[in-house]
Amino acid sequence: MEQWFQQSIIATGRLPLFCYFVTLIVAFIATRINVRLIRAKVGWFRNVNVGEMHIHHAVFGVVLMLVGGVAGLIVSSSSQIGAAAAACLFGLGSALVLDEFALLLHLHDVYWEEEGRTSVDAVFIAVAVTGLLLVGLRPLTWNYGTWVNPAALIVANLLLAVVTLLKGKIWTGMAGLFVPPMLLVGAIRLARPGSPWAHWFFATRSPRKLARAIRREERWRRPAIKVKIAFQEFLSGRHDLPSTRRGRRPT
């Protein structure tokens, strides 16, 4: 293990990325343990309040990301150890911010509501992408030989990624940035029924396509989502409060 770490992480200059990866995971788990204890009113675990104002942990996360980011810019070229320390700060801040990503997205405290699962999804995506970078994969790069123009390939991959994401296939779109053939599959296949693509192109124009997308969603996607939610709730707690966002009209 020590030899692998020396050859694959330190010798390749990936120590800062490794530190970010580990810190992101550990900090997220520690944060979720803390908020679950706060919710259960265990011991001295309490929210941070200043008067009547609740200070969300995303605030501390933003500060840590700024400190870690600036520190990384200063020391990145002089010391891998210093860059690793800065990456740890950035990873800690990222975990705190992404854990409240849903609150930033909705501009409303949906932490324990169904919409709050978006925060856990964001952390999972960040961990997955960082893990792919850590094993040596790079986005939008794929060896097709000398007969493909690299610039044209990057543009084509980006367009396919946009189409795939608009079709509601987030994981396929993110993974496809590292394995471009996945983007071609995601862009060709039928969009998910609740996606922007489905809303724009066949929600009203092609009821048959919409019905087929719904059937596919119920048969294949829903069971996978149930498994994902079960794992999320085991890790992060139950998002069981009634939604306060449904039915709200913009002011």
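What you see below is based on every heavy atom in this structure, not just the backbone, and it leaves out hydrogens, waters and symmetry mates.
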Minimum heavy-atom distance between G173 and L183, given as atom pair plus value: O-CD2, 3.7 Å
Please determine whether residues V26 and F231 belong to a single hydrophobic cluster, defined as Ile, Leu, Val, Met, Phe, Trp and Tyr linked transitively by side-chain heavy-atom distances below 4.5 Å. yes
Could you go step by step and tell me if V97 and L104 meet the side-chain contact (heavy atoms from CB on, under 4.5 Å) rule? CA-CA 9 Å; V97 171; L104 301 175; 4.0 Å; yes
Above 12 or not: heavy atoms from other molecules or residues under 6.0 Å from CZ of R216? yes
Show the numbers, then the answer: is there a side-chain contact (heavy atoms from CB on, under 4.5 Å) between F90 and V67? CA-CA 8 Å; F90 197 82; V67 173; over 6 Å; no
For a 4.5 angstrom cut-off between non-hydrogen side-chain atoms, does T172 reach V185? no
On a heavy-atom basis, which atom in K169 and which in L190 lie closest, and how many Å separate them? NZ-O, 3.0 Å
When every non-hydrogen atom of L98 is compared with those of A126, the smallest separation belongs to CD1-CB, 3.6 Å
So, for I225 and R192, which heavy atoms are closest and what is the spacing to 0.1 Å? CD1-NH2, 4.1 Å
Donor-acceptor under 3.5 Å (K167 side chain, A187 main chain): yes
Pi-cation contact, W112 with R238 (under 6.0 Å, within 45°): no
Contact check, side chains of W171 and I125, non-hydrogen atoms, under 4.5 Å: yes
Gap between atom CD of E217 and atom CG of L210 - 0.5 Å precision: 11.0 Å
Any chain of hydrophobic side-chain contacts (each under 4.5 Å) joining F5 to V22? yes
May I ask you to test the L132-L177 pair for a side-chain heavy-atom distance under 4.5 Å? no
Roughly how far, to the nearest 0.5 Å, is CG of N157 from CZ of F178? 12.5 Å
Do E100 and S119 pair up side chain to side chain, a donor and an acceptor below 3.5 Å, judged on atom types alone? no
Let me confirm one number: the CZ-CD distance from R215 to E218, rounded to the nearest 0.5 Å. 9.5 Å
Reported CG-to-NE2 distance for the pair L64 and H57, which is rounded to 0.5 angstrom: 12.0 Å
State plainly whether one hydrophobic cluster holds both V135 and L133, where clusters connect Ile, Leu, Val, Met, Phe, Trp and Tyr through side-chain heavy atoms under 4.5 angstrom apart. yes
For a 4.5 angstrom cut-off between non-hydrogen side-chain atoms, does P242 reach E113? no
If you measure from the Lys or Arg side-chain nitrogens to the Asp or Glu carboxylate oxygens, is any gap between R36 and D99 under 4.0 Å? no
Report yes if the side chains of D121 and K228 come closer than 4.5 Å at any heavy-atom pair, otherwise no. yes
Beyond-backbone contact of R32 with L235, side-chain heavy atoms, under 4.5 angstrom: no
Rounded to the nearest 0.5 Å, what separates atom CD1 in I81 from atom SG in C19? 7.5 Å
Could you state whether V50 and V59 fall into the same hydrophobic cluster, counting links through intermediate Ile, Leu, Val, Met, Phe, Trp or Tyr residues with side-chain heavy atoms under 4.5 angstrom apart? yes
Step-by-step side-chain contact (heavy atoms from CB on, under 4.5 Å) determination, I38 to R46: CA-CA 5 Å; I38 291 173; R46 294 290 183 271; 5.6 Å; no
Quick one: CZ on R14 to CD1 on I9, what's the gap to the nearest 0.5 Å? 6.5 Å
Hphob cluster co-occupancy, L153 + L159, side-chain heavy atoms under 4.5 angstrom: no
Residue pair A213 / P193: nearest heavy atoms and the distance that separates them: O-CD, 3.8 Å
Side chains of V35 and F45 in contact at under 4.5 Å (non-hydrogen atoms): no
Full working for side-chain contact (heavy atoms from CB on, under 4.5 Å) between I10 and F18: CA-CA 9 Å; I10 296 180; F18 177 81; over 6 Å; no
With heavy-atom distances below 4.5 Å as the criterion, would you say the side chains of V120 and F101 are in contact? no
Mind telling me whether H239 and Y111 have parallel, tilted or perpendicular rings, with 30° and 60° as the class edges? tilted
Minimal non-hydrogen separation, A27 against L92, with atom names: CB-CD1, 3.6 Å
